[in-house]
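Inspection log for the structure reproduced underneath, given as structure tokens.
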Amino acid sequence: MALFLTVTFLFLVSFLNVSTRSIHLSNSQAPTFDERNKDHWNLQAQWILRSKISNPVNTRVAKNVILFLGDGMSITTLAATRVYLGQQYGHLGEELKLSFEAFPYTGLAKTYCVDNNVADSACSGTAYLTGVKANSGTVGLSGAVKRGDCKGQRDGFHSVTGLMDWAQRAGKGTGVVTTTRVTHATPAASYAHSADRRWEADADLPKKGLRCDDIATQLVRGRVGSRIDIVLGGGRKNFFPRNERDLEGYHGYRTDGADLIREWIIKKESLGAVPKYVYHKDALMKLDPNVYTSVLGLFSPDHMPYHLEAGNDDPTLSEMTQKAIQILSRRKNGFFLFVEGGRIDTAHHETKARKALDETAELAKAVEAALRLVDPTETLVVVTSDHSHTMTYSGYSKRGSDILGLSNKLNASDNLPYTTLSYANGPGFRPHLKMKRHNLALDNFKSLNYTYPALVPIGRETHGGEDVAVFAKGPWAHLFTGNYEQNFLPHAIAYAACIGPGLTNCK
Ligand SMILES: *[C@@H]1O[C@H](CO)[C@@H](O)[C@H](O)[C@H]1NC(C)=O
Ligand SMILES: *[C@@H]1O[C@H](CO)[C@@H](O)[C@H](O)[C@H]1NC(C)=O
Ligand SMILES: [Zn+2]
């Protein structure tokens, strides 16, 4: 029995503590279980049942909240990433779980926006961060403001704030960590109000008519933005002038002459913080969390590179997340940290499935890294996505087949092979030659830049409209079960953490 349990445990556990497990696995013979044996399935299912019935409901106040967001991380992406990551550790892959898939509570969120049936990261970010659904392309504004309506942005009446603001008002530390530009739609929705997600720097604003504050400016000068303690990601160019170069030799992008990095340091000092600006990995890793209370880390002029293409100066999402938690954990009232794996989405738009799965694996590792640093009984961890993509996972390949390769059971009706992963639309479309489909058997699936096949030619693959998964662990995690609108998420988080103007478990 003891042996069976160990085996079952191995089978069930997520990728938690990967290093220990890979050592363990290399000492044992793979496969360590027999799926042909009915005992295997019965024991495994009984084990899940036991863990569910013995899992007490946690109704404590969530002192800390960490919200992880996989941009464009559809349920299909999760299923494919299990295989991608599992095979790197010598498993077949399908039977495993990503770190957060082992959380005790899951739900489904509906992602449509006020104007469009399929969400973009801006309207969706506004929903899951502020609790209000919005129009596509807008952040931190209600559906009364259309994309590009600068007057509506300046008006202020339609501005909405959410988790970041509520946590700050409750005296909590706050942070935002991303692999995209820190001014990109997803992080922006946590602190900015912008009628157009593209207004990241002043140079992006319309040349004529009313002037609106750009997103970078709002991060440094805004009421909510300027009070965020930890900001880590890419997008350095949006913070200093075009005619200047940074210490790595890259030009800035601003036309108003503002040096927002310098301004950020001065602002933080005036607020009584001990701030530090960093721009490469070593400086981040060396930062003493007992000394600095506030960090601005801008590691790249634009988005941070894909993990598969990153250099030695680029911190991983896990490293940034851990440093943020180490600093924020010193806050006596707790913290709210928002972490985005932002390049899952950009990879899908290019139909580069390998990169999309790898970025998803990086998010799963960051969740695992975070869990090692927090007390799970007083920290609510929620992992979700903003919207889906059009990638499908199909065919009837043998168990353990390369998820990024060809479906290996049968060819299509034209007697040509097809890939297990493919897209409904995107740049991976290949025109038929002489009425024949491109022969994929000749393609190099090992290339990081391989564009997976798409049915419809579109330069940038589109988002998908179905629901996204929500995984929760910690105080009030049971609130996240069921199927609901995406804007319910911050209301439930605020209830658990006793923050914000709505109902809380303290009132
Ligand atoms: C599928 O098509 C490829 C390319 O034409 C061919 O090499 C392969 O043998 C075919 N496989 C099957 C199972 O028919
Ligand atoms: C993949 O494409 C990017 C640009 O999109 C390029 O920088 C990189 O070198 C390419 N990688 C490979 C392995 O071809
Ligand atoms: Zn996108």
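Numbers here are sequence positions counted from 1. Both counts, for ligands and for their atoms, begin at 1 and track the order of listing.
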Atoms of ligand 2 close to Glu309 [distance to a heavy atom under 4.0 angstrom, numbered from 1]
1 (C), 8 (C), 10 (C), 11 (N)
To which protein heavy atom is atom 5 (O) of ligand 2 closest, and what is the distance rounded to 0.1 Å?
Lys352 NZ, 4.1 Å
For a ring pair (Phe, Tyr, Trp, His ring centres under 6.0 Å) check, start with the C-alpha distance between His438 and His432, then their side-chain angles and the critical distance, and finish with the verdict.
CA-CA 6 Å; His438 168 73; His432 293 195; over 10 Å; no
Please confirm whether Glu350 approaches ligand 2 to less than 4.0 Å, judged on its heavy atoms.
no
Whether Lys352 engages the ring of Tyr306 as a cation-pi pair (distance to the six-membered ring centre under 6.0 angstrom, angle to the ring normal within 45°) should be assessed.
no
Should you measure from each heavy atom of Asn439, which atoms of ligand 1 turn up under 4.0 Å away?
4 (C), 5 (O)
How close does the nearest protein non-hydrogen atom get to atom 6 (C) of ligand 2, and which residue and atom is it?
Asn449 ND2, 4.2 Å
For the rings on His193 and His158, is their centre-to-centre separation under 6.0 Å?
no
Could you check whether any side-chain N or O of Asp202 sits under 3.5 Å from a backbone N or O of Arg254, counting only pairs where one atom can act as donor and the other as acceptor?
no
Run the ring-centre check on Tyr105 versus Phe103 and record whether the distance is less than 6.0 Å.
no
Indicate, with yes or no, if the rings of His348 and Tyr423 have centres closer together than 6.0 Å.
yes
Identify whether NZ of Lys or CZ of Arg in Lys237 sits under 6.0 Å from the centre of the six-membered ring of Tyr253 and within 45° of that ring's axis.
yes
Rounded to the nearest 10°, what angle sits at the Zn ion (ligand 3) between OD2 of Asp345 and NE2 of His349?
90°
From NZ (Lys323) to CG (Leu328), nearest 0.5 Å
12.0 Å
Does some non-hydrogen atom of Leu410 fall short of 4.0 Å from ligand 1?
no
Note: Glu350-Arg460 ion pair, threshold 4.0 Å (strictly below):
no
Lys355, any N or O under 3.5 Å of ligand 2 N or O:
no
From atom 14 (O) of ligand 1, is the closest protein heavy-atom distance below 4.0 Å?
yes
Flag atom 11 (N) of ligand 1 as yes if some protein heavy-atom distance to it falls below 4.0 Å, otherwise no.
yes
Which residue and atom name correspond to the protein heavy atom nearest atom 9 (O) of ligand 1, and how close is it?
Asn411 ND2, 4.8 Å
Does the protein put a heavy atom under 4.0 Å from atom 2 (O) of ligand 2?
yes
Report yes or no: does His463 have an N/O/S atom closer than 2.8 Å to the Zn ion (ligand 3)?
yes
Mark up the atoms of ligand 1 that fall under 4.0 Å of a heavy atom belonging to Pro417, in ascending order.
2 (O), 3 (C), 4 (C)
